[in-house]
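Below is one structure, written out as C-alpha cells; comments come after it.
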Amino acid sequence: MTDVVTMDKIVSLCRRRGFVFPSSEIYGGLGSSYDYGHYGVLLKENVKARWLEAMVRDREDIVALDSSIILHPRVWEASGHVSSFSDPLVDCRTCKLRFRADHLAESQCGKRPSKRPGETPECDLTPAREFNLMFETRVGAVEETGTDVYLRPETAQGIFINFKNVAQLARRKPPFGIAQIGKSFRNEITPGNFIFRTLEFEMMEMEYFVPPGEAEQWYRYWIDERRGWYLRFGLRESHLRVRPHEADELSHYSSGTSDIDYLYPIGWSELEGIANRGDYDLRAHSEASGTKLEWVDGVTNERYVPHVIEPAAGVNRSMLAFLCDAYDEEEVAGRERTVLRLHPQIAPVKAAVLPLIGKDSGMVERARSLFEELRGVALVEYDDSGQIGRRYRRQDEIGTPFAFTIDEQTIEDDTVTIRDRDSLAQERISLGRAQGHLLDRLGAPWRSPKPE
Ligand code: ATP
C-alpha cells in the first residue's frame, strides 16, 4: 500500500491546525523562514526533550552545554568555515534563478520547470562559484570600529572551544560527550521544501571525545544509537536508512560520515549526520588560540588529543519526519478522517478531556475537575465546544493519542471512557484510575500502526 502523505498535505495540516506558518506573512512572507504556532512548539519541544533525555538524563558520560550564537570570529577561521563552508552556485542569466551546482540534476529550470537548468537552448548558466553560507553581522555601535562576526552555522564549534572548561569542571574522562541544542543559521539559497531547509533552524549536536584508538568503534556505536532513537519514537524502519558518504563527499574534517536518511515525500533525504571528525577541531583551535585542548590523565600523566564522534541532528527536520511518518487518512463509518499517528511521547497534546454534552453542567463540572487533575502530570486539553465527533476529529489531526469522554454514565457511577486515537477502541475505567491509566499508556512502548 502506498503512503497517502504528500508534502502539500503536511504543509496544509500544519497551517490549518496552527503548527507552522510562513514567517512574516503579513508582509508577503520571507522565503525559507517559518514561525511555529502552539502545537508546533509543543511538538518541537518534545523532540528536543526526548533527545536530551537519551543523551544526558539516561547516561552518565554526557553533559549539557549552551554556548553563544555569536562567537569570536577567529573561531570560524580556525574551524575552516570561513574558507570552506560554502556551496558551489550557478546563476542563470536568462531566468535569473540561482542553483546549487551539485543539485542541478534535481532542480527545475525557471522558464521550463519540466527541464533541469542548462537543459534548454535558452538556459545561460554562469560557471560555478563558491558562496559562503555564514550570515555576517557586526558587534558594536559605531560602524567603523565594529567587529565583523558571524551567526553560528552549527553549534559544534561552541562545544570544541569549551572542551577545556568542561573536561576540568565536569570531571569526565574520555570517552565522554558534550551535548547542545540551539539555533543555527545558514544562508541557504535553494528552495527549502517547507521546514526541511530553512535559514534558521535548531540543531541537536553532541561531540563525543574518545581515545584515538577507539574512534572507529564509537563511530559505529553512535550510528546504531541514533538510528535506534528514531525507531524508538516511532519512525518506521522501512523509512530509515544509513548512508555512508562517498570519499568525495566527505567534509574537510571528516574521516568518515554516515547520514541517517528518512524517506520524506520528497525522497530519501538527510535527517542526521554522524561524523568521525578525528582530532581536527581540537588541534585547529589549539593552534589558533594557543590554548592546549588535550586530555591529560591526572594519575598516569598520559596526554593525547581526543578524537571526536559527532551525531548532528536537525530538530526541524526530525519534526518533519515525525509528521510525515505519522500522517494518515482513513474512512471511519463512512467519513474520512485525517490522523497524526505520533508516538505518545512526541505528540504535542497527550490527552483531551471532553464532556459529551458541552452544555450539561454536571458533565462540564466532572470534566473540568478531571482536566485539572490530569494537567498536573501531562499536557492535556479541555474542549466542550461543538459536536463530539468534530472534537475527536480535531484531536486526531493534532495527534492527541487519548481522549477522556465524560457522559451520563460518569454522573451515575464515576466512570469515564478513554478513546484510543489509533484503534478507536473505547474502554471504560473509573475516574479515580484515569491519571494512573494515562501515565501507564504514555509510558508504554508504541509502534506505528501504519504499514511499513
Ligand atoms: P544538507 O546536505 O541537507 O545541506 P548538511 O550535511 O549541510 O545538510 P549538517 O551540517 O550535517 O547538514 O547539519 C546537521 C543537521 O542539521 C542536518 O542533518 C539537518 O538535520 C540539519 N540542517 C542542516 N541544515 C539545515 C537547514 N538549512 N534547515 C534545517 N535543518 C538543517
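All ligand and atom numbering here is 1-based and tracks the order in the structure. The shown structure was predicted, so the numbers you read here are calculated from the model rather than taken from an experiment.
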message = Could you identify the single nearest non-hydrogen protein atom to atom 19 (C) of ligand 1 and state the distance to 0.1 Å?
response = R317 NH1, 3.4 Å
ask   = Which residues satisfy the ring-ring contact (aromatic ring centres under 6.0 Å, His included) test with H343, sequence neighbours excluded?
value = F233, W446
inquiry  = Could you check whether any heavy atom of E188 sits closer than 4.0 Å to an atom of ligand 1, since that is the contact criterion I want to use?
reply    = yes
remark   = The protein heavy atom nearest to atom 29 (C) of ligand 1 is F196 O, 3.2 Å
key: Atoms of ligand 1, numbered as shown, that sit under 4.0 Å from any heavy atom of E272   = 18 (O)
query = Does D259 approach ligand 1 within less than 4.0 angstrom via side chain, backbone, both or neither, non-hydrogen atoms only?
reply = neither
Ligand 1 atoms in contact with M203 (distance to a heavy atom under 4.0 Å) = 13 (O), 14 (C), 16 (O)
ask   = So, does T198 sit close enough to ligand 1 that a heavy atom of it is under 4.0 Å from the ligand?
value = yes
N/O separation below 3.5 Å, L271 to ligand 1 = yes
query = Which option out of S184, P311, G314, A321 puts a heavy atom nearest to atom 21 (C) of ligand 1?
reply = G314
task = Would you mind checking which non-hydrogen protein atom is closest to atom 23 (C) of ligand 1, with the distance to 0.1 Å?
result = R186 NH1, 3.5 Å
message = I'd like the name of whichever of R197, E200, E205 reaches closest to atom 4 (O) of ligand 1 through any heavy atom.
response = R197
message = Among residues at least two apart in sequence or on other chains, which ones pass ring-ring contact (aromatic ring centres under 6.0 Å, His included) with H285?
response = none
ask   = Among protein heavy atoms, which lies nearest atom 17 (C) of ligand 1, and at what distance?
value = E270 OE2, 3.4 Å
